[in-house]
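All values below were derived from every heavy atom in this structure, side-chain atoms included, with hydrogens, water molecules and symmetry-related copies excluded. Position 1 is the first residue of the sequence, and the numbers go up from there.
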Amino acid sequence: MDIDKETIINGKSANLGTPKNFLIPIMLLHLRDLNSHGYELMQKITQFGFSAVDQGNLYRILRQLEKDGKVTSEWDTTSDGPAKRIYTITAAGEQYLDVWASSLASYQEMINHF
């Protein structure tokens with residue numbers, strides 16, 4: 001697990017925070033509820049609690065998720081202004097999200113015991 005908040009453990013500093021790639025299930029979670037374009041998705045993610053999201057990284061992740069078959073996209077040209085790419089979660093993305101939810105439930109049980 002990659003960690004990003006610094007703390008002290010046994011006299012040494014260690015990082016504690018969100019697991020590596022936690023952004024991916026958060027993105028898929030929002031796409032499960034509503035098909036979205038990248039900027040709107042970025043706003044939802046920051047409302048979820050991420051302090052800052054690198055726009056370039058967000059779009060790289062979306063392209064990789066599309067390559068991996070977890071999301072699909074199509075151009076929306078119906079609104080005024082420039083066309084926007086609308087992203088939709090796929091069945092494979094739903095399965096990936098289910099695995100994450102199961103893992104997080106297990107972690108929650110461990111935290112409760114702690």
Side-chain angles (χ1 to χ4, degrees):
M1 170 180 351
D2 282 350
I3 319 192
D4 58 22
K5 290 184 183 172
E6 192 163 273
T7 190
I8 303 294
I9 298 175
N10 294 331
K12 297 181 181 181
S13 66
N15 290 324
L16 296 176
T18 58
K20 183 177 181 183
N21 298 326
F22 192 57
L23 184 59
I24 293 171
I26 300 304
M27 292 168 69
L28 292 173
L29 182 66
H30 288 296
L31 290 174
R32 184 187 67 188
D33 294 335
L34 180 66
N35 298 341
S36 179
H37 58 82
Y39 182 74
E40 183 179 41
L41 187 58
M42 190 170 7
Q43 289 177 321
K44 294 284 186 185
I45 290 167
T46 55
Q47 290 172 359
F48 192 83
F50 281 83
S51 58
V53 178
D54 178 73
Q55 187 174 1
N57 190 40
L58 178 94
Y59 285 103
R60 278 188 293 279
I61 292 170
L62 284 168
R63 282 192 300 275
Q64 187 61 50
L65 288 172
E66 192 165 15
K67 270 182 165 178
D68 295 343
K70 292 178 179 66
V71 300
T72 59
S73 69
E74 60 183 44
W75 287 103
D76 176 16
T77 57
T78 59
S79 60
D80 292 338
K84 296 177 182 175
R85 207 166 222 357
I86 303 295
Y87 295 91
T88 305
I89 192 170
T90 64
E94 291 273 1
Q95 289 174 340
Y96 181 87
L97 194 53
D98 288 345
V99 168
W100 261 88
S102 177
S103 294
L104 289 174
S106 295
Y107 289 134
Q108 184 63 55
E109 284 182 36
M110 287 188 277
I111 290 170
N112 291 342
H113 288 291
F114 180 76

**Message:** Heavy-atom count check: over 12 atoms from other residues, nucleotides or ligands less than 6.0 Å from Gln43 CD?
**Reply:**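 Enclosed: over 12 neighbouring heavy atoms sit under 6.0 Å from CD of Gln43.
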**Prompt:** Can any side-chain N or O of Ser102 pair as donor or acceptor with the backbone N or O of Asp98 at less than 3.5 Å?
**Reply:**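 Not a single qualifying donor-acceptor pair exists.
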**Prompt:** Is a donor on one side and an acceptor on the other found under 3.5 Å between the side chain of Ser73 and the backbone of Ile86?
**Reply:**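 The answer is no, because no donor-acceptor pair under 3.5 Å joins these two groups.
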Mind checking whether [X] and [Y] have side chains closer than 4.5 Å, heavy atoms only?
{"X": "Ile26", "Y": "His30", "answer": "yes"}
{"X": "Tyr87", "Y": "Glu66", "answer": "yes"}
{"X": "Asp76", "Y": "His37", "answer": "no"}
{"X": "Lys44", "Y": "Asp33", "answer": "no"}

**Request:** Show your reasoning for whether side-chain contact (heavy atoms from CB on, under 4.5 Å) applies to Thr88 and Glu74.
**Result:** CA-CA 9 Å; Thr88 305; Glu74 60 183 44; over 6 Å; no
**Request:** List in chain and number order the residues that pass side chain to side chain donor-acceptor pair (under 3.5 Å) with Gln64, two or more places apart in sequence or in another chain; answer none if no residue qualifies.
**Result:**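 Once residues adjacent in sequence are excluded, the partners of Gln64 under the side chain to side chain donor-acceptor pair (under 3.5 Å) criterion are Asp68.
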**Request:** Test side-chain contact (heavy atoms from CB on, under 4.5 Å) on Ile89 and Tyr96 and set out the steps.
**Result:** CA-CA 10 Å; Ile89 192 170; Tyr96 181 87; over 6 Å; no
**Message:** Would a single hydrophobic cluster contain both Leu104 and Val99, if residues Ile, Leu, Val, Met, Phe, Trp and Tyr are joined by side-chain heavy-atom contacts under 4.5 Å?
**Reply:**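 Cluster IDs for Val99 and Leu104 differ.
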Might you point out which heavy atoms bring [X] and [Y] nearest each other, and give the distance in Å?
{"X": "Thr46", "Y": "Val53", "result": "CG2-CG2, 4.0 Å"}
{"X": "Trp100", "Y": "Pro25", "result": "CD2-CG, 3.4 Å"}
{"X": "Met27", "Y": "Leu58", "result": "CE-CD1, 3.7 Å"}
{"X": "Thr77", "Y": "Ala83", "result": "CG2-CB, 3.7 Å"}
{"X": "Gly69", "Y": "Ala92", "result": "O-CB, 3.5 Å"}
{"X": "Asp54", "Y": "Arg60", "result": "OD2-NH2, 3.6 Å"}

Let me confirm one number: the [atom1]-[atom2] distance from [X] to [Y], rounded to the nearest 0.5 Å.
{"X": "Leu62", "Y": "Arg85", "atom1": "CG", "atom2": "CZ", "answer": "10.0 Å"}
{"X": "Phe48", "Y": "Leu41", "atom1": "CZ", "atom2": "CG", "answer": "12.0 Å"}
{"X": "Leu28", "Y": "Gln95", "atom1": "CG", "atom2": "CD", "answer": "12.0 Å"}

**Request:** Take Glu40 and Leu34 through the side-chain contact (heavy atoms from CB on, under 4.5 Å) test and state the conclusion after the steps.
**Result:** CA-CA 10 Å; Glu40 183 179 41; Leu34 180 66; 4.2 Å; yes
**Prompt:** Hey, mind stepping through Leu65 and Leu31 against side-chain contact (heavy atoms from CB on, under 4.5 Å) and telling me if it holds?
**Reply:** CA-CA 12 Å; Leu65 288 172; Leu31 290 174; 5.8 Å; no
